[in-house]
Amino acid sequence: MDNRPIGFFDSGLGGLTTIPPLAKALPEERIVYFGDTARTPYGSKAENTIKQFSMQIGDFLKSCNVKMIVIACNTVSSICLDMLRERFPDIPIEGVIDPAARRIARICTQNNHIGIIGTKATVSKKAYENAVRSYKDGLNISTVACPLFVPLIEEGIEDEEIIRLTVKYYLDDFIKNNKIDTLVLGCTHYPFLQKQIERLYPEIRIINPSEEIIYRITDVLEENDMFAKDSSCENTFYASDLSDNFLNMINGIFDKSDFKVAFKSFEIK
Ligand code: DGL
């Protein structure tokens with residue numbers, strides 16, 4: 001048994017999409033979440049910058065005495081997983097890409113034309129193709145980066161027409177030219193646009209892999225005998241910029257009495 005919290009982090013709001021499934025599957029667990037809302041988006045930044053930010057956040061989560069770190073961000077998972085595991089050898093660290101790739105390999109056949117959308121960094125690293133191919137060969141995979149999706153979400157833009165035009169800008173030709181029949185949301189922010197994407201392309205199967213990480217977390221806690229029981233610590237959400245959008249999202253996920261929100265900034269070196 002281990003009542004310490006699980007540390008989650010993302011460049012901003014995106015990683016919050018993994019929290020409701022966790023709260024449902026493992027209600028005894030407590031979390032410390034860090035969203036780097038002051039420095040988002042990560043996906044268009046240089047690899048070294050993303051590595052530096054991730055190390056700072058890893059150090060911070062370690063100082064919060066977390067029992068495990070979940071990289072709730074595809075961009076960071078594709079670039080920094082090994083580096084963080086080396087830096088924090090005593091803490092189990094899991095990223096979101098490998099569990100998602102397992103699911104894709106499980107449910108897609110070679111007849112499927114799979115489209116994977118993500119940030120520029122995730123797409124240029126070929127993180128998903130490589131991970132999916134390690135589970136199943138011969139799948140027909142195309143990828144495209146959609147760099148405007150994250151700023152839209154972080155800004156809390158709700159104007160249907162702006163969202164529709166942005167989604168169409170990235171996906172119309174991509175879906176048509178590659179005959180996509182299955183579309184994977186390869187960024188933890190994108191589930192916030194899932195309904196609009198579904199509405200525009202009703203014939204396409206959309207896969208939101210955000211929940212897959214929960215199975216991996218469960219396995220790690222089980223293997224290490226680390227499930228929480230009657231934990232008295234609070235869920236805490238830190239952000240480097242406490243935007244209204246961030247606060248609204250958290251209010252929408254948890255009961256007000258169930259968590260605390262705090263500010264945490266980093267010196268930019
Ligand atoms: N939520 C992120 C991901 O899953 C990062 C988006 C960004 O900051 O560009 O890739």
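Scope of the values below: all heavy atoms of this structure, side chains included, with no hydrogens, waters or symmetry mates. Every number for a ligand or one of its atoms is a count from 1 in the order of the listing. Along the sequence shown, the residues carry numbers beginning at 1.
A donor-acceptor pair under 3.5 Å links the side-chain atoms of T188 to the main chain of A72, judged by distance alone.
Taking the charged nitrogens against the carboxylate oxygens, E212 and R106 do have a contact shorter than 4.0 Å, which makes a salt bridge. Of the charged side-chain nitrogens involved, at least one lies within less than 4.0 Å of a carboxylate oxygen, so that D59 and R87 count as a salt-bridged pair.
Between Y33 and F237, the two ring planes are tilted [angle within 30° to 60°].
Within 4.0 Å of ligand 1, heavy atoms belong to protein residues D10, S11, T40, P41, Y42, G43, C73, N74, T75, T119, V150, C187, T188, H189.
Considering all non-hydrogen atoms of both residues, N208 and P191 come closest at OD1-CG, 3.5 Å.
In this structure T17 satisfies the side-chain hydrogen bond (donor to acceptor under 3.5 Å, both in side chains) test together with S210, sequence neighbours excluded.
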